[in-house]
Amino acid sequence: MQERPPLVARDAEGLGPALVEQLVDRKLVGSPAELYDLNEETVAGLERMGDKSALNLVEQINKSKTATLPRLLHALGIPQVGEATALALANHFGDLEPILDANEEQLQEVEGIGPNVAAEIRSFFHQKHNREVNDKLVKAGVHWPKIVVDRKAQPLAGKTFVLTGTLVSLSRDEAKEKLQSLGAKVAGSVSKKTDYVIVGEEAGSKADKARELGIATLDEAGLLKLLER
DNA sequence: TAACCTCGAGATCC
DNA sequence: CTCGAGGTTA
């Protein structure tokens with residue numbers, strides 16, 4: 001089984017495996033972004049490539065600059081990220097930047113992404129090389145529309161909170177209701193699925209557990225900030 | 001098509 | 001926590 005370089009233009013029509021192999025073998029293309037430097041003359045010099053085909057291919061490659069986020073994500077060749085996962089990621093985050101910035105926990109909030117895939121994505125983008133490929137693609141003119149993620153109604157949808165300790169300005173039940181009204185789930189115990197632990201005064205073992213599991217904690221002030229919008 | 005991943009259900013333990 | 005179903009990746 002042969003490993004292919006991640007090609008953003010892999011779905012450009014007329015650019016099949018045989019051509020890619022030729023391009024790579026002849027050192028005409030060393031990285032995905034270099035595809036966009038190809039001109040008709042160099043392409044026409046390849047086997048089974050006449051002027052007409054060359055023109056078409058260059059056209060197709062240029063067309064692929066206008067991408068979509070899911071396609072781009074898929075084309076980057078992130079391990080474990082195929083079509084479906086790319087789409088879920090795109091719809092969840094809306095743009096590439098937040099995905100680059102997301103930590104493993106945040107990645108796991110995406111439907112269908114668990115610890116393994118989250119770790120793969122994270123380490124993929126941690127590698128300098130992969131980031132560079134990204135930058136080069138953008139510099140070469142690859143662009144895509146941002147996806148509008150509507151979270152106005154439920155800004156905390158998909159988040160799980162745990163309350164511990166005593167809150168001063170509101171009761172625990174009130175806090176719970178408010179969180180839920182914003183779409184959050186409020187659980188009774190801390191687990192790795194917990195997103196935030198709200199730590200009030202005289203908090204007990206749940207706060208410790210949050211620290212152990214590396215779960216984000218918020219004090220009352222932080223909670224209030226979150227609630228007011 | 002085989003291997004792998006996520007996630008929910010039910011068992012177990014606290 | 002472990003197991004299995006169902007879905008995805010390659």
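Keep in mind the model is a prediction, meaning the values are calculated, not measured. Every chain is numbered from 1, with letters handed out A, B, ... down the list of sequences.
Leu72(A) CG to Trp144(A) CH2: the interatomic distance, rounded to the nearest 0.5 Å, is 5.0 Å. Ile147(A) contributes atom CD1, which lies 12.0 Å from atom CZ of Phe93(A) (distance to the nearest 0.5 angstrom).
Counting to the nearest Å, the P atom of dT9(C) and the NE2 atom of His74(A) are 7 Å from each other. Note: CG (Leu89(A)) to C1' (dT8(C)) measures 13 Å, nearest angstrom. Rounded to whole angstrom, the span from the CD1 atom of Ile121(A) across to the C1' atom of dC5(B) amounts to 12 Å. Between Ile113(A) atom CD1 and dC7(B) atom P there is a gap of 9 Å when expressed in whole angstrom units. As a whole-Å value, the separation of Glu104(A) CD from dC5(B) P is 14 Å. The interatomic distance linking Leu107(A) (CG) with dT6(B) (C1') rounds to 15 Å, in whole Å. Look at CD on Gln80(A): it is 14 Å from C1' on dA2(B), rounded to the nearest Å.
In this model, no donor atom of one side chain and acceptor atom of the other lie less than 3.5 Å apart for Ser53(A) and Asn56(A).
Phosphate contact (OP1/OP2 of dC4(B), side-chain N/O of Asn116(A), threshold under 4.0 Å): absent.
Linking ILVMFWY side-chain heavy atoms closer than 4.5 Å, directly or via other members, places Leu73(A) and Phe124(A) in a single hydrophobic cluster.
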